[in-house]
Structures are given as structure tokens and as C-alpha cells.
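Note sheet for the following structure.
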Amino acid sequence: MELIILLGIALFVMLYRSYRGQNVYKFVTEKAAVMYDRFAPYSFKIVREKTKELGQEYTVRQYTIQIVTFAAFASVISYMYFYNILISIIYAVLAVSVIPYLAFLRCKRVYSEFIFEQVQIYTTNTIMEFATTQSFVKALEGVVASGVLEEPVLGDVNMMISLAYQNGSIDESIRFMSSKYPYYIVKNMHQLFLQITKEGARDAGESLENMQLDIDMLVEGVYRDRMDRASFHKSFLKFGVMLYLMVMLIQYLLGKETYIAILDNIIMVLILHAILIGNSYFLLKGEKYYNENVGAE
């Protein structure tokens, strides 16, 4: 154990001496960013860039606080379980290694919320434009010209317009958009416009109003669900942390000396590892549930 600590100190000293003219902390974070850009999945890069554009990406300082918090919490909890510094260091490293996955989930949630808001804007404004122009393609052009859409939805709507002019019909455009954004409101709106176009309906005002009401009700339900999720998430995290602290109750009931004596039994140690890892997996599954399928219907 002493050897590991000495090696860590020696590594820090070497870094400091080698980059004395620079900020060692800045050097480490820059190298970490380079490694991320090289190995991160393409989809992660897309959602992370959009999260940055929306101003919801963590700063270096926030990530540093998260790393320190995770490492400290994992070290303390694992030491309370096993009273072993080496095991505490291992669990601290494992806890920090989970942070990129949590960042991925959080960025996906932000991106999903953004996409749903853009889909809501797309459907609402297309219905409003159609009520005026009585032409699906002209309605799309009006939505694009209004400047209310952002990428990637803006580019996809432009693709719809190109496909409509290229094929002389809206069928391919609707199939394209419905496959890219398989939301209930998108499919129903497209089906309505397809029906109006094919059947040549002259007065579709009532149908459009009903469709707009459906969209408003759905959006209200999604935002209500988002608030419920956030409230549940806070309670879930509190419950997960309390599960970690159950070891304190066990030590209180058995006595610290008896508990430490139990740690000499390899089977009991394995059981404690299983409890610790199982609880961590439970928390990760909860985080995955909270961050995924946002805006889904």
C-alpha cells in the first residue's frame, strides 16, 4: 500500500517538474479532452455538442467537483465495508470511471428534450401555416422561413421540401420524416395532411383544430411527466444512498469488533462486495431510466 502511495506522489512530482511552466491541472484536463475526442462514439459527440450549444454541458470545474465527490464517497463507503485502503482506492477508481457514462446519459436526456421541443414547434407551426396556405409543401416552406427551427430538424424539413419537389408528391417526404421522428404527433399530423391532400378536402379547419388540441394535450402530459421524473429522481438518489449506509446499522447491531472479525471470512467478504456492486448497479439502472425516453409517448 505504501508503495502505491509513493508511486502516486512520484508521478505527480514528475508531471509538475516536466510542465513547470504550465498548469498541471490544465495539462491533465487537456489530455483527457484529447482522449475523449479520439475514442468517444460519434453519437455521443453529436449530443454533447448540442448540449454545449444549449448551455447545459458541465464546466471543467463541475466535472472536477463530480470526480472528487464520487471518489471521496466511494472511498469512505468501501472503507466502512472492508476497512481496507487498497479496496477503497479500487472502488474510488471504479466510481470515477462511471462519470463518462453518466455524462452520456445526461447529454442524451438534454438532446432528447431538445428534439421533442423542436418536433412540437414543427407540428404546431406546420398546422398554423397549412391553415393559411392550404398546401403542405408551402406550409413547410413557411415554417423554415420563420426561423423557429434549429438543426437537425431544420435540415430534415428542408429535405422534406426537396423530396416533395423531386417526386411531385408528399408521400416520400412524409415517410422520411415519420421514420426519423417516430412520435405520435408527427405520424398523426402527417396522416391527416396525406388524407387531406389525397381526398382533396376543402374544409379541414375542424380537423386541424382537433389535431392542435391533441398536440397541446400531449405536450402538457410530457412536461408533467418530466416534472414527476425529476421529483422521483431526487427521492430515488436519497434511497440509494441510504442503502449504502445500511452497513452502519449492521456494525451497530453486531459491534465493530465482531464485524471486523467477520471480514476474515472470504465468503462474507464476497457477499459484501456483491451487496455494494448490486446497489451501485441499481443506482445506475435508475439513472438510465431517468435519462432515457424523455418526450416519448
Side-chain angles (χ1 to χ4, degrees), residues 33 36-37 40-63 66 99-129 139-163 173-190 211-212 214-234 236-237 284 286-297:
Y36 161 78
D37 290 333
Y42 177 69
S43 58
F44 190 9
K45 294 178 181 179
I46 292 176
V47 298
R48 189 165 181 259
E49 284 302 316
K50 179 55 69 174
T51 304
K52 285 182 178 179
E53 289 180 23
L54 297 172
Q56 298 190 48
E57 170 63 323
Y58 282 176
T59 63
V60 174
R61 181 174 179 273
Q62 287 174 311
Y63 273 121
Q66 190 177 30
I99 290 177
Y101 176 67
L102 296 178
F104 172 62
L105 291 178
R106 184 176 54 80
C107 289
K108 279 187 65 177
R109 174 175 56 80
V110 172
Y111 187 76
S112 180
E113 291 173 350
F114 165 76
I115 290 296
F116 181 77
E117 289 170 359
Q118 284 290 292
V119 166
Q120 172 201 348
I121 293 171
Y122 160 69
T123 52
T124 301
N125 283 270
T126 301
I127 289 174
M128 293 171 61
E129 291 285 342
L140 295 179
E141 290 177 337
V143 174
V144 169
S146 66
V148 294
L149 293 179
E150 299 181 32
E151 294 294 348
V153 178
L154 176 60
D156 292 329
V157 174
N158 279 320
M159 176 61 72
M160 290 180 72
I161 296 171
S162 298
L163 289 172
S173 300
I174 285 177
R175 279 195 294 269
F176 166 77
M177 197 66 171
S178 296
S179 64
K180 289 212 69 173
Y181 304 98
Y183 292 91
Y184 164 82
I185 52 177
V186 173
K187 290 183 178 180
N188 276 20
M189 186 191 74
H190 287 167
M211 176 62 66
Q212 186 64 62
D214 287 344
I215 293 173
D216 292 341
M217 290 177 61
L218 176 64
V219 170
E220 181 183 352
V222 168
Y223 282 107
R224 189 184 302 114
D225 176 70
R226 188 179 299 179
M227 290 186 291
D228 292 341
R229 278 171 175 258
S231 177
F232 169 79
H233 183 238
K234 292 179 181 177
F236 173 79
L237 290 179
L284 284 176
E287 283 295 306
K288 187 173 184 291
Y289 169 78
Y290 169 67
N291 287 286
E292 288 190 340
N293 302 320
V294 178
E297 307 157 278

- prompt: Do Phe116 and Tyr183 have ring centres separated by under 6.0 Å?
  reply: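 They qualify: ring centres under 6.0 Å apart.
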
Between [atom1] on residue [X] and [atom2] on residue [Y], distance to nearest 0.5 Å:
X      : Y      : atom1 : atom2 : answer
Ser231 : Phe236 : OG    : CZ    : 14.0 Å
Ser178 : His190 : OG    : NE2   : 5.0 Å
Lys288 : Phe104 : NZ    : CZ    : 9.5 Å
Ile174 : Met177 : CD1   : CE    : 11.0 Å

Could you tell me which residues satisfy side chain to side chain contact (heavy atoms under 4.5 Å, CB included) with [X], sequence neighbours excluded, listed by chain and number?
X      : answer
Gln212 : Thr124, Ile127, Ile215, Asp216
Glu117 : Tyr223, Arg226
Thr59  : Arg61, Gln62

- prompt: Is there a donor-acceptor pair under 3.5 Å between the side chain of Ser146 and the backbone N or O of Val143?
  reply: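 Confirmed, Ser146 side chain pairs with Val143 backbone.
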
query: Is a side-chain N or O of Thr123 found less than 3.5 angstrom from the main chain of Gln120, in a donor-acceptor match?
result: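 Yes; judged by distance alone, with no hydrogens or angles, the pair exists.
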
- request: Would you please test Leu102 and Asn291 for side-chain contact (heavy atoms from CB on, under 4.5 Å) and show each step?
  value: CA-CA 9 Å; Leu102 296 178; Asn291 287 286; over 6 Å; no

field: Heavy-atom closest contact (Leu237 atom, Glu287 atom, distance)
entry: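 Taking Leu237 first and Glu287 second, the nearest heavy atoms are CD2-OE2, 3.4 Å.
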
- prompt: What's the shortest heavy-atom distance between Pro152 and Phe114, and which atoms?
  reply: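 What the structure gives for the nearest pair is CD-CE2, 4.1 Å.
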
query: Would you say Leu105 and Arg109 make side-chain contact, with heavy atoms under 4.5 Å?
result: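 Not touching, per the 4.5 Å side-chain cut-off.
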
Applying side chain to side chain donor-acceptor pair (under 3.5 Å), name anything that partners [X], two or more places apart in sequence or on another chain.
X      : value
Asn158 : none
Tyr111 : none
Gln66  : none
Lys108 : none

Contacts of type ring pair (Phe, Tyr, Trp, His ring centres under 6.0 Å), residue Tyr63, not counting sequence neighbours: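 Ring pair (Phe, Tyr, Trp, His ring centres under 6.0 Å) check on Tyr63 returns Tyr58.
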
message: Among Asn125, Val157, Val119, which residue satisfies the side-chain contact (heavy atoms from CB on, under 4.5 Å) criterion with Leu149?
response: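 When side-chain contact (heavy atoms from CB on, under 4.5 Å) is applied between Leu149 and each of Asn125, Val157, Val119, only Val157 qualifies.
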
- prompt: Between Arg229 and Asp225, does at least one N-O distance fall below 4.0 Å, as a salt bridge requires?
  reply: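 A salt bridge is present here (some side-chain N lies under 4.0 Å from a carboxylate O).
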
message: Suppose the criterion is salt bridge (Lys or Arg N to Asp or Glu O under 4.0 Å): which pairs have a residue in residues 140-157, not counting sequence neighbours?
response: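 Non-adjacent pairs meeting salt bridge (Lys or Arg N to Asp or Glu O under 4.0 Å): Lys138-Glu141, Asp156-Lys180.
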
task: Start with the C-alpha distance between Tyr290 and Arg106, add both sets of side-chain angles, then the distance that settles side-chain contact (heavy atoms from CB on, under 4.5 Å), and finish with yes or no.
output: CA-CA 9 Å; Tyr290 169 67; Arg106 184 176 54 80; over 6 Å; no

- request: Assess whether side-chain contact (heavy atoms from CB on, under 4.5 Å) is satisfied between Leu54 and Val110, documenting all intermediate values.
  value: CA-CA 9 Å; Leu54 297 172; Val110 172; 3.8 Å; yes

field: From Lys50, Arg48, Lys52, residue fulfilling salt bridge (Lys or Arg N to Asp or Glu O under 4.0 Å) relative to Glu57
entry: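 Of the listed options, the one satisfying the test is Arg48.
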
